[in-house]
Amino acid sequence: MSDAIIRTENLTKEYGRGATLTRALRGVDLEIPRGSFTCIVGPSGHGKSTLMHLIGALDRPSGGSVHIDGQEIAGLGEKALAALRAEKIGFVFQFFNLLQNLTARENIETALMLAGVGEARQRQRADELLALVQLAEKADAKPGQLSGGQQQRVAIARALANDPPVLLMDEPTGNLDSSAEAEVMAVLEELNRQGKTVILVTHSGEIAARANHLVRVRDGLLEGP
Ligand SMILES: Nc1ncnc2c1ncn2[C@@H]1O[C@H](COP(=O)(O)OP(=O)(O)OP(=O)(O)O)[C@@H](O)[C@H]1O
Ligand SMILES: [Mg+2]
C-alpha cells in the first residue's frame, strides 16, 4: 500500500434529518500521500470544508472511516481524539482567529503553552517559528498592526506550535490580495519542502496548479483526475 498520511474509506457525512437532511459527503475514498502538497477543489457547497473537518478530526463521520497517520478515529473518545488532533494536525482558517490583544509572539506563545511547551522555551520557539514564516521583525506587533498576509503567516506559525506532520487549511488565502497570497504560498511551499504534508482547500486555479496532488470534490463525491 502507498504511504498515505490521511486515508478515508466510504466516508459519509449527513447534516440534519427528515426534510432538512443534507448528504454533504456520499462515500469518499481518499488517500493523501505523506509529504504531498495537496489541494482540494470543487464548487461551493459540494463538501470541501466538510471533508476538511473530518480528515482533521474536528468532526465525526456519519459513516465510513478516517485514518490519520495510521490511526482510525472512529473508536477514539473525545480526549483521545483531541490528543490525536493536537499531535498530528495544524489548522489554519480563512479568518485568522488571532487574539487581537496579544502580539504576534504572544499569540504563538499561547499555542506553545497549550501544547505543553515549558515557559522557558516558549519565547525562543515562538521566535524560531516567526523567523520560519519570515516575520521575525514583527514579533511585537499586534494583529491589527499587520497586513492580512502577515496575519495569516502568524496563524501558520501558530499552527506549527506542536510541530505537526500535517498542515490543514481551508482557503488560507481567500481574503488576501495576490501579493499577500504569494507570500503565504512561499511559506507553505517551504514548509512542504521541509517535509510537512500541506493540505489546502482553494477556489484559486493558480494555487491548485501548484499542487502535486489534486482532490476534486463534486456533489459529495470525489471526481476522477
Ligand atoms: N453544520 C452544518 N449543518 C447543516 N448543513 C451543513 C453544515 N455544514 C455544511 N452543511 C451543508 O453541507 C454541504 C457541504 O458544505 P461544505 O461547507 O462542506 O461546502 P464547501 O464545498 O466547503 O463550500 P464553500 O466552497 O462554499 O466553502 C452544503 O450543502 C452545506 O449547506
Ligand atoms: Mg467551505
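Please read all numbers here as calculations on a predicted model, not as lab measurements. Each ligand, and each atom within it, is numbered from 1 in the order the structure gives.
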Would you check whether [X] has a nitrogen or oxygen atom less than 3.5 angstrom from a nitrogen or oxygen atom of ligand 1?
| X | answer |
| --- | --- |
| T22 | no |
| G45 | yes |
| A24 | no |

* Asked: Applying a 4.0 Å heavy-atom criterion (strictly less than), which segment of K48 is in contact with ligand 1: side chain, backbone, both, or neither?
  ->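 K48 to ligand 1: contacts from backbone and side chain alike.
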* To do: Would you mind telling me if ligand 1 is within reach of the side chain of H203, the backbone, both or neither, using heavy atoms under 4.0 Å?
  =>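 The answer is the side chain of H203.
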* Asked: With distance as the sole test, does Q150 use its side chain to make a donor-acceptor pair with the main-chain N or O of S147 at under 3.5 Å?
  ->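 Judged by distance alone, yes, a pair lies under 3.5 Å.
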* To do: Look only at the side chain of S204 and the backbone of E206, and say whether a donor-acceptor pair between them is shorter than 3.5 Å.
  =>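 Indeed, once roles are kept as given, a pair shorter than 3.5 Å links the two residues.
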* Taking 2.8 Å as the cut-off, does an N/O/S atom of S49 lie below it from the Mg ion (ligand 2)? ->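 So S49 does bind the Mg ion (ligand 2) by this criterion.
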Which residue and atom name correspond to the protein heavy atom nearest [atom], and how close is it?
| atom | value |
| --- | --- |
| atom 18 (O) of ligand 1 | T50 OG1, 2.6 Å |
| atom 6 (C) of ligand 1 | Y15 CD1, 3.2 Å |
| atom 17 (O) of ligand 1 | S49 CB, 3.7 Å |
| atom 26 (O) of ligand 1 | S44 OG, 2.5 Å |

* Asked: Is it true that the side chains of T50 and Y15 contain a donor and an acceptor less than 3.5 Å apart?
  ->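 Side-chain D/A pair, T50 to Y15: present.
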* To do: Scan side-chain atoms only and decide if D140 and T103 contain a donor-acceptor pair under the 3.5 Å cut-off.
  =>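 Distance-only check fails for D140 and T103.
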* Asked: Would atom 30 (C) of ligand 1 count as contacted, meaning some protein heavy atom under 4.0 Å?
  ->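 No, no protein heavy atom sits under 4.0 Å from atom 30 (C) of ligand 1.
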* Asked: If you group Ile, Leu, Val, Met, Phe, Trp and Tyr by side-chain heavy-atom gaps below 4.5 Å, do L135 and L160 land in one group?
  ->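 In one cluster with L135: L160, yes.
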* Taking all non-hydrogen atoms of both residues, which atom of I32 and which atom of T38 are closest, and how far apart? ->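 Of all heavy-atom pairs spanning I32 and T38, the closest is CG2-OG1, 3.5 Å.
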* **R23/D219 salt bridge by N-O under 4.0 Å criterion** =>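 Between R23 and D219 there is no salt bridge, as every charged N stays at least 4.0 Å from the carboxylate O atoms.
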* Inspect the contact between R60 and E78 and indicate whether a charged nitrogen and a carboxylate oxygen are less than 4.0 angstrom apart. =>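 Counted as a salt bridge, because a side-chain N and a carboxylate O are separated by less than 4.0 Å.
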* Quick one: CG on N175 to CZ on F93, what's the gap to the nearest 0.5 Å? ->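 Rounded to the nearest 0.5 Å, the CG-CZ separation comes out at 14.0 Å.
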* Does G42 come within less than 4.0 Å of ligand 1, judged by its heavy atoms? ->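 G42 does not count as a contact of ligand 1 under the 4.0 Å cut-off.
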* Proximity flag P43 to ligand 1, non-hydrogen atoms under 4.0 Å ->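 Right, P43 reaches ligand 1.
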